[in-house]
J.: 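I'd like to ask you about the structure that follows.
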Amino acid sequence: MFSEEEIQKIRNQFPILNEKVYSNPLVYIDNAATTQKPLQVIQATQNYYSIMNANVHRGLHYLSQKATIQVENTRKKIQKFIHAKYSSEIVFTKGTTESINLVACSISSLIGKGDEIIISCSEHHSNIVPWQILCEKKGAILKIIPIDENGFFQLKSFEFLISRKTKIVSISHISNVLGIINPIKYIIDKSHEYGALVLIDGAQVPSNLDLNMQDLNTDFYVFSAHKMYGPTGIGVLYGKKEILETISPYQFGGEMIENVSFEKTTYSDLPFKFEAGTPNIEGIIVWGSAIDFVEKIGISNIQSYKEKLLSYAIQSLSSIDGIQLYGETKDFSQKSSIISFNLNKLHCFDVGSVLDRLGISVRTGHLCAQPLMNFFKVSGMVRASFSVYNTFKEIDCLFEGLLKAKKLLLKY
Ligand SMILES: *Cc1c(COP(=O)(O)O)cnc(C)c1O
């Protein structure tokens with residue numbers, strides 16, 4: 001647990017937190033959409049363009065080598081960060097969405113008519129649509145793990161859905177709407193019993209939970225830099241080496257080839273086989289600084305502080321008359337610091353607009369999970385999601401803001 005002083009020290013590293021919104025202090029609690037960036041990340045961007053900008057992996061000249069070393073350093077940092085066996089299992093992509101599309105495309109030759117793909121009811125659109133399209137193309141069938149009234153997977157139904165026809169199971173580690181930490185270890189082991197591959201959408205996870213690919217034994221794990229204090233436009237596909245080696249590339253062109261002639265082209269080794277074209281060099285290198293930031297504070301420290309914020313926020317918000325919280329549980333070890341809710345049948349956009357006027361940034365709408373909205377029979381929700389730089393005082397601001405919203409909006 002951090003002291004107030006320590007939190008202030010962390011906050012001082014985020015210049016944007018000093019911004020005013022309509023002359024109120026900014027209360028940024030939309031961290032499940034993207035986190036703010038600390039000074040060392042901002043400075044790393046400037047540093048990259050000031051002293052090492054060059055294309056990577058191709059040049060033998062000084063700058064190119066310098067940039068290449070830094071890119072490969074970040075790859076190794078990520079390998080260590082998620083305890084992958086080899087750095088060649090780390091493929092750089094644009095982010096979670098591209099990583100899932102890559103896998104859906106690259107494994108398509110393994111999917112035939114009548115085969116099945118399993119996802120869950122609480123997935124982000126990024127982990128629905130690529131599978132839906134793959135099923136359409138191949139005549140495969142998309143099966144959905146149902147959830148209970150609080151948003152937890154119904155595991156008995158999953159056991160009923162999984163079979164030898166299942167080719168891949170793709171689920172989120174943490175729901176971006178409910179904050180629920182899904183029982184992925186169980187799902188991974190069960191899926192493997194039936195010979196199915198498993199992809200875990202970990203977009204909400206890094207910097208919130210310790211990750212160990214070798215313990216998890218998942219086939220694929222994907223996440224983005226921008227939700228863990230790093231830049232946008234860069235993310236990772238982790239894949240087991242023996243699987244990445246057998247599936248086909250996703251895009252074709254420079255960097256991913258070994259030898260090209262008009263008769264035949266052979267591909268590079270991992271991970272380059274999946275990294276066609278000039279990568280987001282700046283993004284990769286700067287991401288390294290974001291990982292340094294997270295590791296300096298320590299994931300377990302971030303985790304326990306955010307758990308305190310969550311418990312305080314749930315206590316505070318659930319005391320509001322007429323609030324409906326989604327994804328409720330008493331066991332905070334099953335939930336990350338994301339709270340979605342609706343207030344007295346008010347439209348989430350109206351509530352969000354009142355909060356915005358008060359300087360409070362929350363996410364409103366379908367939260368990229370329309371099937372989940374349908375499940376709860378709502379058109380949208382308001383989502384507050386906390387980060388290591390948020391404070392109990394900011395949660396009080398949210399509480400007061402919601403009371404104000406009720407007062408203003410319930411008149412109409
Ligand atoms: C944010 C998010 C995504 C999409 O990530 P991008 O960085 O936009 O590609 C996918 N799944 C979950 C659970 C998310 O939270």
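All residue numbers in this chain count up from 1 along the given sequence. Atoms within a ligand are numbered from 1 in the order they appear, just like the ligands themselves.
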J.: Who passes side-chain contact (heavy atoms from CB on, under 4.5 Å) against Thr232, sequence neighbours left out?
T.: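 With neighbours one apart ignored, the set is His226.
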J.: Before giving the answer on side chain to side chain contact (heavy atoms under 4.5 Å, CB included), spell out for Phe14 and Tyr28 the whole-Å C-alpha distance, their side-chain angles and the decisive distance to 0.1 Å.
T.: CA-CA 11 Å; Phe14 290 82; Tyr28 185 81; over 6 Å; no
J.: Tell me whether the centres of the aromatic rings in Tyr326 and Phe376 are closer together than 6.0 Å.
T.: yes
J.: Can you list, by chain and residue number, every protein residue with a non-hydrogen atom closer than 4.0 Å to ligand 1?
T.: Thr96, Thr97, His124, Ser126, Asn176, Asp201, Ala203, Gln204, Ser224, His226, Lys227
J.: Out of Lys306, Glu307, Lys227, which residue meets the side-chain hydrogen bond (donor to acceptor under 3.5 Å, both in side chains) rule with Asn208?
T.: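 Of the listed options, the one satisfying the test is Lys306.
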J.: Holding to salt bridge (charged side-chain N to carboxylate O under 4.0 Å, His left out), I want the full list of residues that pass it with Glu245, two or more places apart in sequence or in another chain.
T.: Lys241
J.: Under the side-chain contact (heavy atoms from CB on, under 4.5 Å) test, which residues partner Pro130, sequence neighbours left out?
T.: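 side-chain contact (heavy atoms from CB on, under 4.5 Å) list for Pro130, sorted by chain: Ile100, Asn101, Ala104.
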